[in-house]
Amino acid sequence: MKARTRKRLRGLAIGVAALAALAALAFAIAFFYYDREVAQQFEGRRWTVPAKVYAAPIELYVGLPFTIDDFLAELERLKYRAATELDRPGSYRRRRGRFEIAVRAARFADELRPAQIIAVTIEGNAISGLRAADGADIPVFRLDPLLIGSIFPIHGEDRIVLTPDDVPPLLPAAIKAVEDRKFDTHHGIDLEAIARALWVNLRAGKVEQGGSTLTQQLVKSYFLDGRRTLGRKLEEAMMALALEARYDKRDLMTAYINEIYLGQQGDRAIHGFGLASQFWFAKPLDELDLPELALLVAIVRGPPYYDPRRFPDRARKRRDLVLRVLAQQGIVSGEAAAAAAQAPLGVAARPSGGYYPAYLDFVRRTLRRDYKEADLTEAGLSVFTSFDPRAQLAAERAIETELARLDRTRPPPAGKSGLEGAAIVTLPQSGEVIAMVGGRNVNFDGLNRALASPRAIGSLVKPFVYLAAIESGRWNATSVLDDTPIEVPLSKGKVWRPQNYSRYANGPVSMVRALSESLNLATVHLGLDVGVAKVAQMFGRFGLDATPAPLPSLLLGAIDLPPIDVAQLYNGLANGGFHVPLRAVRAVVDAQGERLGAYPVKIAPVAAPDAVYQVDRMMTYVIARGTGRAAAARLPRGLIVAGKTGSSSDLRDGWFAGFSGTHLAVVWIGYDDNRPTGVTGSSGSLIVWQKIMSALDTTSWQPPMPESLEDMAIDYASGLRVTTGCSQDEVVVAVPRGTPTPYMAGCAPPSGIVDWLRGIIR
Amino acid sequence: MQRVVLTISLALALGACATAPYEPAAPVRPSAPGAAPGEAGVSQSPASPNPASPAPVPEPVPAPRSHRLGAATSALVTQARSASAQGDFDAAAATLERALRIEPDNPLVWIEMGRMRLASGDAAQAQYMGRRALALAAGAPREQSASWRLIAEALRARGRNAEAQEAARRADELAVP
């Protein structure tokens, strides 16, 4: 009996031992598997330094227009702090218009600029002095380039990656106190916490408390979906153990701070405390105070549930709980916690600023042509762009306010989305894109309409019809066009009967009037006479990849283009007939500061400069008295600009494209589903355009007139020549020298001259 | 079907045209030398075709324009020249573009950029930049002359000697003694 028992026991022991060995083996295999999995993922992320994208630095020089307020705003944007002593880089002090600035060291594409102290004097709204610390004049000085974003592998996800040095020490302490008190000592899982959570949840009959360590939370965010099953939990625990075995606590904490999910905006997931700080408070993490940090830590538990914008009461309760825990744990004093609990939530009204998805999309598309995705997302490149935060802000504000106003005046039907819009601003001479808005929700990384929404451009075609005509030498601004009904036979016996927007035919009109008032009939007559193929070629010459089919309807803009293509076409007009490929990227520099790629300006003459000048001059009358005149009174006084309205059939699209001497802006407004808007290019888009132009520091369009041309005063309606002061309706156009133009009746100089002129004309 | 083929081949033909940059067949002569006095290279206010207007006010002939670089641009040009001399054309180009952003309409900046491109071996860009400078230099004979000079050198580098000669002749004509 004894022997049998012993035998049985021995059998049992062997069985248990075998089972244990088996379990250990299974554990070892599983551990090995997860360890590899985890290591791969974690290394991939930990050593990933995404390409950093920088705005154009501001170039300071004597004579540059700058008000004291704007300069202060610029220092603020670059996070310079007012101080009494210039003790460290990144500080400045001011006495009236004199600034002393301790400039940080900064990397540019072509140099590493050491930290130094400079003095900037502003007098009469311009920089009047720029000196080094030793008093020597500095001819030109670049402020730090502003970091505007990073390039990440996953669409709709961006992050501000922090190193341990960037993190205020209070944050990891607070995270540990609230989420995982044993973080410093456990090996990935905290059995005690799990048991406690189990007990609490059993008593409550539902899941009230989680027992996950920070490591487990990190694993969940890295590798696993949100399902809560026992299998998942085991997998998560294995991975957490594997992570802990490989990496030290400091690395894990940094990874957690950069990884954890803290908010949602549409498709855009907000990961990491760096970005979350911008998202919720619109300022960098190291500027947050105790109640703000506590709120971020509170949100960790459930970003949608504790969303402080949607559920402020809930969020506040949990923030105050966090503050109490911090006091209990001795991380902050009881008084500090109590004072912090009195503070408002301090959440920024909406996530804004510092996120420019449309522009970053443009940058990324450029880089993808030349770099491998892995290089962009991992190799720590620096990308220097032509982005101008001030122009961007102006464009965003103009789109937002005007679309909101239009939606109020003509609300979209129930269930339909509101108007959308896009805008692009360029520097015509260099082809640099300085601002881009891809939709009215400017911070939303969704459809980038500026690049990806081809829409009918309508009358934006017309300047190219007139350019083809003038270049042929058979027409000029004084030529009389035929604004009368026309029937154009198409294939299969169909007939095209275009109409003017007013439905009214004006008879004979001057070319300058036909363009200014966007007369369709006159343009169709002209375009057919010039030749549709010549007009179509013009688009190829000005930079379209594919020359459009030479169909008569092209003359009235039956061609779908995204705003970026329109900007490319009009950039050539703004740049005197020279094509410059639009670009956002100036240079790419690797982690060691070596220049990898440069994108220098490239230029090609695409049209006769004197022909382009004549068309541009006519386009100034679009604003002065044509379809763009609503903008004239609102633009800065005396600013000469040229442009063109465009509206597609049934007003599905409203466009305005126009330029000053130093800026080109293109604006589109319409519905995403292409239904009619009831808004012409001369209302919505023109107003946005005018607001953008007014906000920029821009100069008049007044290039030197080509010597082959001369000014001529004509009667606006008839195109007949007048002596100054004779016609009520006089405009001055540019025509080729010696263009024979008859005088208007009663407006001719004394007869001797008329006879003399007749002699010339014959 | 035939029409489709026709349309496609037409589109292809047009596309082919599209890639070629616009270039005047030969250097154009907007103002023939030896024509009306005062026409050679100096931009006029509207030429007065009414010599006996009621109150004969003589049209003021504007003095020839001339361009100079501002202090900031000038410093950048100097910096670019030294980078260019060391063969660092990327850096020189980047520095000249800083100058271009400060004075985008100054023909001297474009001439400088063109010269740098010529030195780096990009004669086509040099020629086009010369053209750009020329357009911006209307009414300024000294800068027109310098633009033609650049164009001439670029054309010569491209082996287009006849055109280069013509451009050089225009440069000489406009040269201010």
Side-chain angles (χ1 to χ4, degrees), chain A residues 56 59 61-64 109-110 137 139-140 142 427-430 432 491 533 536-537 539-541 544 546-550 576-579 586-587 595 598 600-610 661-662 703-708 710-712 723 737-738 749-750 752-753 756-757 760, chain B residues 3 7 10-11 14-15 17-24 28 30-31 39 41-47 49-54 65 70-76 83 88 90-91 93-95 97-102 104-105 110 113 117 124-125 128-129 131-132 134-140:
Chain A
E59 302 264 7
Y61 54 91
V62 171
L64 178 71
D110 52 350
D137 281 330
V140 56
R142 282 180 282 199
L427 305 178
Q429 287 91 342
S430 61
E432 291 184 315
S491 61
Q537 277 170 32
F539 288 98
R541 283 160 62 182
L544 280 200
T547 303
F578 287 84
H579 171 75
R586 287 180 181 169
R595 189 166 31 229
V601 63
K602 256 195 217 142
I603 183 167
V606 290
D610 52 357
T662 42
M705 184 160 67
E707 287 156 22
S708 58
E710 61 179 339
D711 283 327
M712 185 179 281
T723 47
R737 277 176 187 277
I753 294 125
W756 172 80
L757 251 179
I760 292 181
Chain B
R3 191 184 290 134
T7 315
L10 190 62
L14 293 175
C17 298
T19 51
Y22 164 89
E23 280 188 55
V28 230
S31 52
E39 273 208 328
V42 181
S43 126
Q44 301 278 296
S45 72
N50 40 350
S53 51
R65 288 162 20 115
T73 338
S74 188
L76 291 168
D88 191 350
D90 278 352
T95 306
E97 283 190 31
R98 289 175 66 191
L100 179 68
R101 285 189 282 275
I102 296 173
D105 292 328
W110 284 100
M113 292 209 301
R117 289 296 164 84
Q125 273 303 303
Y128 300 153
M129 287 175 172
R131 286 251 160 231
R132 186 76 191 98
L134 187 65
L136 291 168

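The sequence lines fix the lettering, A, B, ..., with proteins before strands; numbering per chain opens at 1. Quick caveat, the model's predicted, so the values are computed rather than measured.
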Tell me, for B/Ala71 versus chain A, whether the close heavy atoms (under 4.5 Å) come from the side chain, the backbone, both or neither.
backbone
Counting heavy-atom pairs under 4.5 Å with chain A, which one of B/Ala93, B/Ala72, B/Ala75 comes out on top?
B/Ala72
Any idea which of A/His579, A/Arg586, A/Glu432 has the most non-hydrogen atom pairs under 4.5 angstrom with chain B?
A/Arg586
Find out whether A/Gln429 and B/Leu136 are in side-chain contact, i.e. whether some heavy atom of one side chain is under 4.5 Å from a heavy atom of the other.
no
B/Arg98, B/Met129, B/Glu97: which one forms the most heavy-atom pairs within less than 4.5 Å of chain A?
B/Arg98
Region of A/Ala109 in contact with chain B, defined by heavy-atom distances below 4.5 Å:
neither
At a heavy-atom separation under 4.5 Å, does A/Pro600 approach chain B through its side chain, its backbone, both, or neither?
both
Test your reading of the model: is there a side-chain donor-acceptor pair from A/Glu707 to the backbone of B/Gly139, 3.5 Å cut-off?
yes
Measure from the side-chain N and O atoms of A/Arg541 to the backbone N and O of A/Val606, and report whether any donor-acceptor pair falls under 3.5 Å.
yes
Which heavy atom in A/Pro428 sits nearest to a heavy atom in A/Thr662, and how many Å separate them?
CD-O, 3.3 Å
What are the two closest non-hydrogen atoms of B/Trp110 and B/Pro104, and how far apart are they?
NE1-O, 3.2 Å
